[in-house]
Every structure is written in structure tokens, then in C-alpha cells.
Amino acid sequence: MIRVANAPCSWGVLEFGSESKSAPYGQVLDEIHQTGYVGTELGDWAFMPTNPVALAQAVGARQLTLIGGFVPVALADAAAHPAGVETALRTARLLRDAAGEDALIVLSDDNASVPAREQHAGRISEAHCLTDDQWHTFAAGADRVARAVKAQTGLRTVFHPHCGGYVETEAEIDQLMARTDPSLVGLCLDTGHTLYGGGDPLAVLERHAARVWHVHFKDCHAGIAAESRGLGRGYLAAVRARVFCELGQGAVDFGSVLDALRRVHYDGWIVVEQDVFPGHGAPAESAQRNREYLRALGV
């Protein structure tokens, strides 16, 4: 059964720096519940309680399920792998103790930390891509993180392709899937990042259905995406320009993606994400409209 969650990033709780302060976690959890969702991801470390009992109480009091936590690691740098493993294990232990072993680690690159990738998000060329040696390092790091998480906590790991970091384009997703252990590393299909990265979410799903263990529903505004590419905006500037819009207002064909998920008998979570910077928009109102949009599509 597909269940629908939302995430703190829809309230401006992003892994990137901002001058504005996001809403407190209690308000975010209240509004996720009030707008019709039944699950949430963890958000940035320490946004929610890091004591598992307090975290379980905070999430459970809103009749929500805690389903995953985002862990960025600079996987192209072998020197970053040991600390990345420890960060992933810290998050995994918290999730396990607060929510059980069905929760997931959502692993990603340390997005926006490599200037060339951040500045060329949405228009990546061969010059910005990993070399073969770098690919070996990157994939080995993903396997290492996932292996440690599985062995020490029982949780599974999915990799999240993400604009502004390595592994953004369809070709890069294919490379990572080919180079990582399918028993260890699943794929988080993110519709908005895939589309802004120049790819087709449906094609990615069709090729990697067996690896899709987690799904993020994010829309991408075609006009703002084209404008951002034309103006040479970096990833963060594109997010500030609201390239990721409310569901149904962009170019993602969510009906077709849902049909494809049903065909492959996907029974995991769909997490709505509408990345905004703190203080931008009205997150609860957008979350409500996004939930109504998905209900109209049958989920």
C-alpha cells in the first residue's frame, strides 16, 4: 500500500544555509498532520529531538510515522567516507530507536559543496562529471555507508540523486546503480530533481524499478527551470526562484508516475517535497493543496 508523507524541507528546513529561521519542529509536525499526511522524514540533524524517546513521542503524538533521514556525504572524497559512515550510523540509530527498522537512510552527495556542480545544476556537461576513478571512489563510499548501516542497525539505505551535487542526470543515476551493490543501495526516485537535471522520472523508474525503495514527489516549474538555465542560475538561486512548485503546477506527469509505481507493485512511501527557503510562501497551505492534488489521483 502506498502511503503519503511530507517532509520538513517543505517548511524551509533545508540542508543549505539561510538567513531566515524555519518554523519550530512542533509546528511543522502539527501542520503535516493537519494537512492530511501520515508520515514525515527527520529533516536536518537536531531540527527534531535527537533523544529517541522524545522523538518517538513528538512524531507519535501527531499520528505520524517517522520514515527516514537525509544524510549528505561527500562521497567523491575518500577522506570523507569514515566521517560519513559515522554520521549515517548516528542518524540510523536514532531512527531505529525511535521508529524501528522500517525507516530508511536517504544518502546523498554533499550537495552544493562543489561550486561547478552547484553553479551548473540543470545543465551538467561532461566537463562537470566524475572521472572513472572518482566514480569508483563515490560508489565504494555509498556501498560502505549502506553496509555499515545495515550491519549495525538493520536499516536499508537509498541514494537520492540531487541537483547541485554529483549524481543528477539520468546517465549519472545509471552509473551509480551499475556500480553499487543492489542488495545494499536502493534508489530514492525524486521526480523534481530528475526532471530539473534533464531526465525523465518515468524512464528512470522503468530501468531501476527493483531498486526504487523510496519516492519523493517534487514538481518542477518548466518556465522557471528554463529561465534559470538561461540566466545561468546556480542551484540555490533556482530554489529561491521557486523552481520547485506545488504539485500539478509544473512539468512532472504525476499520474503516469503513479500508474508506473502501481504496475511495479511499489508499496513504499511517497514523500511530498516542495523545497522552499524559510519565510517563503505559506507551507501549510501548499501542503494542503498538494495533498488534495494527490487524493484526486487516487492516493
Side-chain angles (χ1 to χ4, degrees), residues 1-5 7 41 67-68 70 104-109 111 121-126 129-130 135 138-139 142-143 146 156-222 225-226 243-245 247-275 290 293-299:
M1 179 182 69
I2 294 175
R3 290 179 289 173
V4 182
E41 290 188 2
I67 60 177
F70 187 84
L104 294 164
I105 289 297
V106 182
L107 176 66
S108 193
D109 189 20
N111 304 303
R123 54 189 193 283
I124 293 299
S125 71
E126 188 67 27
C129 295
L130 296 169
W135 266 118
F138 195 101
D143 277 348
R156 296 185 300 166
T157 297
V158 291
F159 186 87
H160 185 333
H162 198 294
C163 294
Y166 291 115
V167 190
E168 170 181 321
T169 68
E170 272 195 58
E172 290 173 329
I173 294 170
D174 292 346
Q175 278 274 8
L176 186 69
M177 292 296 98
R179 290 171 177 265
T180 50
D181 185 338
S183 71
L184 290 174
V185 180
L187 176 64
C188 173
L189 177 70
D190 187 297
T191 56
H193 281 286
T194 300
L195 194 66
Y196 189 47
D200 178 356
L202 272 174
V204 172
L205 174 57
E206 288 168 1
R207 284 200 301 278
H208 302 294
R211 302 282 290 274
V212 175
W213 304 343
H214 200 50
V215 175
H216 285 175
F217 266 15
K218 188 192 306 285
D219 211 344
C220 178
H221 191 284
V243 69
F244 298 128
C245 54
L247 304 188
Q249 302 300 309
V252 175
D253 183 351
F254 290 103
S256 293
V257 175
L258 277 168
D259 287 343
L261 287 169
R262 293 180 180 117
R263 283 197 301 273
V264 300
H265 306 292
Y266 178 76
D267 64 353
W269 286 88
I270 288 173
V271 184
V272 173
E273 290 192 333
Q274 187 185 343
D275 293 2
N290 288 332
Y293 174 82
L294 290 180
R295 284 199 182 100
L297 293 179
V299 290

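These values consider heavy atoms only, across backbone and side chains, with no hydrogens, waters or symmetry-generated copies.
Inter-residue side-chain proximity for V204 and L187 is flagged as met; some heavy-atom pair is nearer than 4.5 Å. Residues F138 and V167 are in side-chain contact: their nearest non-hydrogen atoms beyond the backbone lie under 4.5 Å apart. Within the 4.5 Å cutoff, no side-chain heavy atoms of P161 are placed close to those of D190.
Between atom CZ of residue R211 and atom OG of residue S183 there is a gap of 8.5 Å, rounded to the nearest 0.5 Å. Taking CG of L261 as the reference point, atom CG of L202 lies at 8.5 Å (rounded to 0.5 Å). Atoms CZ and CD1, on F70 and I105 in that order, are 11.0 Å from each other to the nearest 0.5 Å. From I270, atom CD1 reaches atom CG of L294 across 6.5 Å, with rounding to the nearest 0.5 Å. Atom OG in S256 sits 9.5 Å away from atom CG in D200 (nearest 0.5 Å). Distance OG1/T157 to CG/L104: 8.0 Å, rounded to 0.5 Å.
Across G186 and M177, no two heavy atoms sit closer than the pair O-CE, 4.1 Å. Here the closest heavy-atom approach between residue T180 and residue A142 is recorded as CG2-CB, 4.2 Å. Shortest non-hydrogen contact noted between F159 and V185 is CB-CG1, 4.1 Å. In terms of heavy-atom proximity, A146 sits nearest to L184 at CB-O, 3.6 Å. Contact record, A209 with V264: CB-CG1, 3.8 Å, taken as the closest heavy-atom pair. Between C163 and H193 the shortest heavy-atom distance is N-ND1, 3.1 Å.
Note on ring orientation: taking the six-membered ring where Trp is involved, the planes of Y196 and F244 are perpendicular (angle over 60°, cut-offs 30° and 60°).
Looking at D219, its side chain does come within 3.5 Å of a backbone N or O of A251 through a donor-acceptor pair. Counting only distance, with no hydrogens or angles, the side chain of E168 and the backbone of G122 share a donor-acceptor pair below 3.5 Å.
Take Y293 and apply the side chain to side chain contact (heavy atoms under 4.5 Å, CB included) test, not counting sequence neighbours, and it matches L247, F254, L297. Not counting sequence neighbours, the partners of H216 by the ring-ring contact (aromatic ring centres under 6.0 Å, His included) test are H160, H214. Residues passing the salt bridge (charged side-chain N to carboxylate O under 4.0 Å, His left out) test with E273 are K218, sequence neighbours excluded. Taking Q175 as the reference, W135, R179 meet the side chain to side chain contact (heavy atoms under 4.5 Å, CB included) condition, with sequence neighbours excluded. Partners of D181 under the salt bridge (charged side-chain N to carboxylate O under 4.0 Å, His left out) rule, at least two apart in sequence or in another chain, do not exist in this structure. For R207, the salt bridge (charged side-chain N to carboxylate O under 4.0 Å, His left out) partners are E170, D174, not counting sequence neighbours.
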Trace of the side-chain contact (heavy atoms from CB on, under 4.5 Å) decision for F217 with V257: CA-CA 10 Å; F217 266 15; V257 175; 3.8 Å; yes
Could you go step by step and tell me if R262 and V299 meet the side-chain contact (heavy atoms from CB on, under 4.5 Å) rule? CA-CA 11 Å; R262 293 180 180 117; V299 290; 3.5 Å; yes
